[in-house]
Protein chains: 2
Amino acid sequence: MDQIRPKTRRGQKRREQILRAAERVFGRLGYAEASISDITREAETAQGTLYIYFSGKDEIFSELVREMGHLTRIALAGAVADAPTRLEAERRGLAAFLRFVADRPELYRIVEEARFVDPKAYEAYFSDFARAYRANLDAAGQAGEIRTGDSEIRAWALMGMAKTLGERFVLWRRDVDIDTVVAEAFDLIENGLRT
Amino acid sequence: MDQIRPKTRRGQKRREQILRAAERVFGRLGYAEASISDITREAETAQGTLYIYFSGKDEIFSELVREMGHLTRIALAGAVADAPTRLEAERRGLAAFLRFVADRPELYRIVEEARFVDPKAYEAYFSDFARAYRANLDAAGQAGEIRTGDSEIRAWALMGMAKTLGERFVLWRRDVDIDTVVAEAFDLIENGLRT
DNA sequence: GCAAAACATGAATGCTGACTCATGTTTCAG
DNA sequence: CTGAAACATGAGTCAGCATTCATGTTTTGC
């Protein structure tokens, strides 16, 4: 249940080694295909060593999902921090998210697979985002920066766009550059389809 | 590779029994957790019987993904068929999709898990949709019914919205009724966020 | 009604891979 | 410097589960 915290510098280094190896291996092979021996081989340690730091295969996976939540929050918060308007924040947030997926594709694949491997962690990841998103949209609505509307539904709709654009244009086929995707999607978010 | 086609009425019935049982079991437990004996128990047959009709666990799963593609296409085509405008087609399509997810939640979970279990089938499922979607958006753009734009990016953005709304408001928590979700999301699609 | 094909059974097989543990090695506080 | 705690090793264990198959039963075409 509880993660075992290393007490020495060597221990911290090993734990980190194993986590990074797990990130690459899970990202490449997926949860089911990835074996403990794949991970320890990649980390250049013995199989038993992994069990000093993690209670099992599922725990190391969950730890990566939590880590991803933390990193995404930091990346997005930083990108959006001093946007002049909510709409501009929307644009910057989408751009930052897609760039983040491009930088850590394995980690993002892991988050998506968490839906099936660790549904609670997955829900926590997106629900946390939705909560923050909703607050921002409500505030912007109050301030008259955007039309008012149901921000719970909007938040999930907008997150859904971002997720799927990341999947298609970053993870799957990089045939369109990220700035183009951001510009086009943002235009849709801003103005809709209506003439 | 090739599916074995039953030759008698009894065989067709059995195969169908097994598929429906697999739909429920995979939907409830996910691919990894679901065992062949779970499926055959649910179908009330012997384990060996499953192998008369399917070459293995993965094939029965893929068959369900293909089936889902077929059913979704039919449901959406029917719903959208005689919409007066592209925007109205958009609204009806979204509504039909969410209703479909509500009717066959297990089947939809299976499609999403196919991303990891059978990536080819998953890509085929969404790419087929994207192609049709793109054609519709382009035609509507030509006809002046919507603003013109990159329809590949738009198609994936709109599919992403639908997927995620289905996940959150249909599969996960039915705390908002589907019509409200459709109305609010459609407003976003039509007009965007701008005041 | 009969032979052959199709279908059904479920216990037995065999493999894969997560996890353990007995035995070392390294680190570090005092 | 020293002993205890922390860390490292990897061969071996074991359970779970997909798949097979030898033996029956049912259906079908004629």
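Letters A, B, ... are given to chains in the order of the sequence lines, protein chains preceding strands, and every chain is numbered from 1.
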Review point. Going 5' to 3' along nucleotides 20-30 of chain D, which nucleotides have protein heavy atoms under 4.0 Å from the base (write B), which only from the sugar-phosphate (write S), and which from neither (write -)?
Key: B-----BSS--
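I52(A) places its CD1 atom 12 Å from the C1' atom of dT26(C), with the value rounded to the nearest Å. Atom CD1 of I60(A) is separated from atom C1' of dA18(C) by 13 Å (rounded to the nearest Å). Here the P atom of nucleotide dG10(D) and the CZ atom of R41(A) are 13 Å apart, to the nearest Å. Atom-to-atom, CZ of R15(B) to P of dA8(C) comes out at 13 Å; the value is rounded to the nearest Å. Rounded to an integer number of Å, the gap from E44(A) CD to dT9(D) C1' is 15 Å. At whole-Å resolution of the value, OH in Y53(B) and C1' in dT19(D) are 17 Å apart. One interatomic measurement links the two molecules: CG of L50(A) to P of dC7(D), which rounds to 14 Å at whole-angstrom precision. The separation between I39(B) atom CD1 and dT19(D) atom P is 10 Å, rounded to whole Å.
Remark: E67(A) engages R20(A) in a salt bridge (charged side-chain N to carboxylate O under 4.0 Å, His left out) (not counting sequence neighbours). Residues forming a side-chain hydrogen bond (donor to acceptor under 3.5 Å, both in side chains) with T148(B) (at least two apart in sequence, or on another chain): none. Scanning for salt bridge (charged side-chain N to carboxylate O under 4.0 Å, His left out) contacts around D138(A) gives an empty result, with sequence neighbours left out. Every residue two or more places apart in sequence or in another chain was checked for a ring pair (Phe, Tyr, Trp, His ring centres under 6.0 Å) with F186(B), and none qualifies. Partners of D118(B) according to the salt bridge (charged side-chain N to carboxylate O under 4.0 Å, His left out) rule, which considers only residues two or more places apart in sequence or in another chain, do not exist here.
Looking at residues 24-37 of chain B, you'll see that no heavy atom sits under 4.0 Å from any atom of DNA chain C.
At the phosphate of dC7(C), neither OP1 nor OP2 sits under 4.0 Å from any side-chain N or O atom of R14(B).
In the hydrophobic cluster analysis, where Ile, Leu, Val, Met, Phe, Trp and Tyr join through side-chain heavy atoms closer than 4.5 angstrom, Y125(A) is grouped apart from I74(A).
Legend: ring pair (Phe, Tyr, Trp, His ring centres under 6.0 Å) pairs involving residues 18-43 of chain B, not counting sequence neighbours, sorted by first then second residue: F26(B)-Y31(B), F26(B)-F61(B), Y31(B)-F61(B). Screening residues 158-171 of chain A for side-chain hydrogen bond (donor to acceptor under 3.5 Å, both in side chains), with sequence neighbours left out, gives Y122(A)-K163(A), E167(A)-R115(B), E167(A)-Y122(B), R168(A)-D175(A), R168(A)-E152(B).
Two residues, G56(B) and Q12(A), neighbour DNA chain D, and the one matched to the more 5' nucleotide by heavy-atom proximity is Q12(A).
For the helix from dG1(C)-dC30(D) to dG30(C)-dC1(D), the terminal axes (five pairs an end, C1' atoms, rotation from four pairs onto the next four) enclose an angle of 30°, given to 10 degrees.
Residue E33(A) qualifies as open at atom CD: its count of foreign heavy atoms under 6.0 Å is 12 or below.
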Validation: residues 80-87 of chain A side-chain donor-acceptor distances under 3.5 Å, sequence neighbours left out:
{"from": "T85(A)", "atom 1": "OG1", "to": "E88(A)", "atom 2": "N", "distance (Å)": "3.0"}
{"from": "R86(A)", "atom 1": "NE", "to": "E90(A)", "atom 2": "OE1", "distance (Å)": "3.2"}
{"from": "R86(A)", "atom 1": "NH2", "to": "E90(A)", "atom 2": "OE1", "distance (Å)": "3.0"}

List the atom pairs, with distances to 0.1 Å, where a side-chain N or O of residues 98-108 of chain B and a protein N or O form a donor-acceptor pair under 3.5 Å, not counting sequence neighbours.
{"from": "R104(B)", "atom 1": "NE", "to": "E23(B)", "atom 2": "OE2", "distance (Å)": "3.2"}
{"from": "R104(B)", "atom 1": "NH2", "to": "E23(B)", "atom 2": "OE1", "distance (Å)": "3.2"}
{"from": "Y108(B)", "atom 1": "OH", "to": "E112(B)", "atom 2": "OE2", "distance (Å)": "3.2"}

